[in-house]
Chemist: 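Please find one structure pasted underneath; my questions will follow.
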Amino acid sequence: MRLIDSHCHLNADRFDGDHDRVVGAAHLAGVERILVPGWNVASSERALACADRFGWLDAAVGIHPHDAAKVDAAGWARIVAWAPDPRVVAIGETGLDYDRVFSPIEDQLINLRLNLVLALETGKPAILHCRSAVGRRDAQDALLGELRAAGVGGPGWVAAFGQRPPAVIHSFSGPLDYAREVIDLGLAISFSGLVFRAGEEASAGVAALVPEDRLLVETDSPFLAPPGAPRSRNEPEWVRVTGEWLGDHRGTTPEALGPTLIAAYDRTFPTPRRTM
Ligand SMILES: [Zn+2]
């Protein structure tokens, strides 16, 4: 199956010294695109280094909600300075996490707004992490409110992005009506191994709902191992498990789905730099 991994933290230290093998295995498994997102300043810099080392990998720079309270003005200035770089195809990951709340919610909201403004200014989509505690949806509802307040779907964003998605909901989690609303705002949705976890049953319905030109799949390596992958460290080659799940829930074959995923990736994250 031809595959993408739209969210893979090869910049995590758990991959130190092992990049050639992991990226090689992904390529052998059919993975043709990998996006490496940062979560703070240092990991954003390491994402750029991954894109240097492997010319077919893409990077994103930004601040994760977990790190929202830890970044200072000088750190944010480095993210802003990297954003126009041709290796950078997206801003993030950013978003809201009301489950673990490693940064206070007020800091998460301020950070999310900064990252959204940077996405709008650069015309590079925001990668959005959004998690509530199991059985809750307060983070999803807050995210929808923030997207609307930022004008996503309105004229400024349409001028910057045209028909391209202005943001990606990464590692989708949430109810069906929330999915419908983000799709209506023009966002892309990316599915990870989270879909196999208890409490995430709504994802099967959402998988059938996403327009094919905004449908993405990811591992979120080294996290969220799908069934069959090593729990200790997920790797990009395991995106095939979630890719097959996606095909099942859309009533299509992996062979038919693969080229669609690649086209959706290239439409969401266009770059003149990519050679494969
Ligand atoms: Zn991530």
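Counting convention: from 1, in listed order, for ligands and their atoms alike. Keep in mind that this is a model prediction, so the values were computed, not measured.
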Chemist: Which is the closest N/O/S atom of Glu93 when seen from the Zn ion (ligand 1)?
Modeler: OE2
Chemist: Is any N, O or S atom of His170 under 2.8 Å away from the Zn ion (ligand 1)?
Modeler: no
Chemist: Does CZ in Arg21 sit with more than 12 non-hydrogen atoms of other residues, nucleotides or ligands closer than 6.0 Å?
Modeler: yes
Chemist: Relative to the Zn ion (ligand 1), which of the N, O or S atoms in Asp220 is the closest?
Modeler: OD1
Chemist: Spell out, as yes or no, whether a donor-acceptor pair under 3.5 Å connects the side chain of Asp67 to the backbone of Lys70.
Modeler: no
Chemist: Please examine the side chains of Gln140 and Tyr98, heavy atoms only from C-beta on, and report whether any two atoms are closer than 4.5 Å.
Modeler: no
Chemist: Answer yes or no: is there a side-chain heavy-atom contact under 4.5 Å between Trp238 and Asp5?
Modeler: no
Chemist: So, is His7 placed with an N/O/S atom under 2.8 Å from the Zn ion (ligand 1), counting both backbone and side chain?
Modeler: yes
